[in-house]
2 protein chains.
Amino acid sequence: MKAARTPDLQSTFRALADPTRREILVFLSQHESSIGEVVDQFDVTRGAIKKHLVILEEGGLISIHTRGRERINRLEPSALHSVNSWLQYFEQFWDNNLRNLKTAIEQRTPTNPKRKKQ
Amino acid sequence: MKAARTPDLQSTFRALADPTRREILVFLSQHESSIGEVVDQFDVTRGAIKKHLVILEEGGLISIHTRGRERINRLEPSALHSVNSWLQYFEQFWDNNLRNLKTAIEQRTPTNPKRKKQ
DNA sequence: ATAATATGGCACCAAAAGGTATCATGTCAA
DNA sequence: TTGACATGATACCTTTTGGTGCCATATTAT
């Protein structure tokens with residue numbers, strides 16, 4: 001019994017880097033689909049879609065289930081959790097950024113001679 | 001006057017897809033740095049780091065400011081906002097997923113002591 | 001001015017990525 | 001059984017990517 005392997009962050013980010021794959025995810029969020037149904041939505045060959053689906057599965061973003069002669073592709077949104085966690089680290093900075101944005105905007109003078117050298 | 005151009009989602013996702021670039025972002029979150037200072041942190045040549053920084057800038061994730069003969073690279077966490085927004089669409093699904101996960105987990109061998117938060 | 005420093009730019013390279021076409025295999029329906 | 005259907009698996013191609021090395025240019029320190 002193969003447990004849904006936990007993908008590393010890299011394979012998930014890699015899977016998300018392609019626009020077609022992100023569109024596939026949106027499509028699958030609306031209804032799980034066979035490969036053929038996915039192919040019908042995009043202007044590339046089945047071979048290309050197949051590759052995308054494999055990469056999405058490697059990234060943990062979908063799961064593929066056999067149903068007769070079809071393979072049903074289902075969104076696995078929990079894989080986005082690790083991405084979200086990674087992003088959350090930066091939230092503190094973008095909060096600061098929003099706070100400082102107002103003062104920083106017109107103040108283009110290099111008032112930051114921070115020079116840390118060990 | 002060139003406003004900080006709003007990068008499209010694709011260039012941001014693309015910038016995030018490389019592990020070295022993600023590490024650079026973490027490094028820059030701690031202190032803005034010249035190119036040379038970034039180079040010192042990684043085991044690749046300056047040319048490679050330079051390319052990474054350009055891609056990060058294209059993704060809106062950093063800004064590059066000239067200071068004398070140096071180029072100061074500064075984290076621009078606000079670019080992560082668009083990524084975050086994209087992810088948020090899927091939150092509804094992964095909430096469902098969490099809800100179903102609980103029942104799924106209880107029917108299986110506890111292989112994953114991960115806490116769910118939120 | 002001159003040398004050291006910091007970076008830009010370019011040519012080049014191997015590997016990965018995205019895509020196609022083709023053939024093979026498993027499954028369903030008649 | 002047999003053909004149609006859905007997919008798997010390859011081989012192949014082109015472009016992109018991540019990387020290197022080298023030379024040019026702009027600043028800074030002496």
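Keep in mind the model is a prediction, meaning the values are calculated, not measured. Per chain, numbering begins at 1; letters A, B, ... match sequence-line order.
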>> Heavy atoms from C-beta onward define the side chain here; which of C:dT20, C:dA17, C:dG8 lies closest to that of A:Arg14?
In response: C:dA17
> Which of the following nucleotides, D:dG18, C:dT5, D:dG19, is nearest to the side chain of B:Ile55?
Replying inline: D:dG18
> Between atom CZ in B:Arg22 and atom C1' in D:dG18, what is the gap in whole Å?
Replying inline: 14 Å
>> What is the separation between atom CG on B:Asp18 and atom C1' on D:dG19, rounded to the nearest whole Å?
In response: 11 Å
>> Of the listed nucleotides (C:dG18, C:dT22, C:dC28), which one gets closest to any side-chain atom of A:Arg46?
In response: C:dT22
> In whole angstroms, how far is the P atom of D:dT28 from the CD atom of B:Glu70?
Replying inline: 9 Å
> So which nucleotide from C:dT20, D:dG19, C:dG18 ends up closest to the side chain of A:Arg21?
Replying inline: C:dG18
> Closest nucleotide of DNA chain C for A:Ala48 versus for B:Ile64: which of these residues is on the 5' side?
Replying inline: B:Ile64
> Hey, does the side chain of A:His52 come within less than 4.0 Å of C:dA17's phosphate (OP1/OP2), counting only N and O?
Replying inline: no
>> Walk me through whether B:Ser63 and B:Glu76 qualify under side-chain hydrogen bond (donor to acceptor under 3.5 Å, both in side chains).
In response: CA-CA 6 Å; B:Ser63 56; B:Glu76 292 292 342; 2.7 Å; yes
>> Tell me the closest heavy-atom pair linking B:Leu16 and B:Arg22, and the distance in Å.
In response: O-NH1, 2.8 Å
> Between B:Ile49 (CD1) and C:dA6 (C1'), how many Å, whole number?
Replying inline: 15 Å
> Roughly, in whole Å, what's the span from CG in B:Asn73 to C1' in C:dA6?
Replying inline: 12 Å
>> So, does B:Ser34 get its side chain near the phosphate of C:dA6, meaning an N or O under 4.0 Å from OP1 or OP2?
In response: no
>> Using a 4.0 Å heavy-atom cut-off, does A:Gly68 contact any base of the nucleic acid, only the sugar-phosphate backbone, or nothing at all?
In response: sugar-phosphate
> In whole angstrom, what separates B:Asp43's CG from D:dG18's P?
Replying inline: 17 Å
> Less than 3.5 Å between a donor and an acceptor, one on the side chain of B:Lys50 and one on the base of C:dG9, is that the case here?
Replying inline: no
>> I'd like to check B:Leu61 versus B:Ile24 (side-chain heavy atoms, cut-off strictly below 4.5 Å). Are they in contact?
In response: no
> Start at the 5' end of DNA chain C and walk down; is the nucleotide closest to A:Arg69 or to B:Lys51 reached first?
Replying inline: B:Lys51
>> On a heavy-atom basis, which atom in A:Gly59 and which in A:Thr12 lie closest, and how many Å separate them?
In response: O-OG1, 2.9 Å
> Between atom CZ in A:Phe13 and atom P in D:dT17, what is the gap in whole Å?
Replying inline: 17 Å
> B:Leu53 has an atom CG; how far is it from atom P of C:dG9, in whole Å?
Replying inline: 13 Å
> Do B:Gln30 and B:Val26 come within less than 4.5 Å of each other through their side chains, counting heavy atoms only?
Replying inline: yes
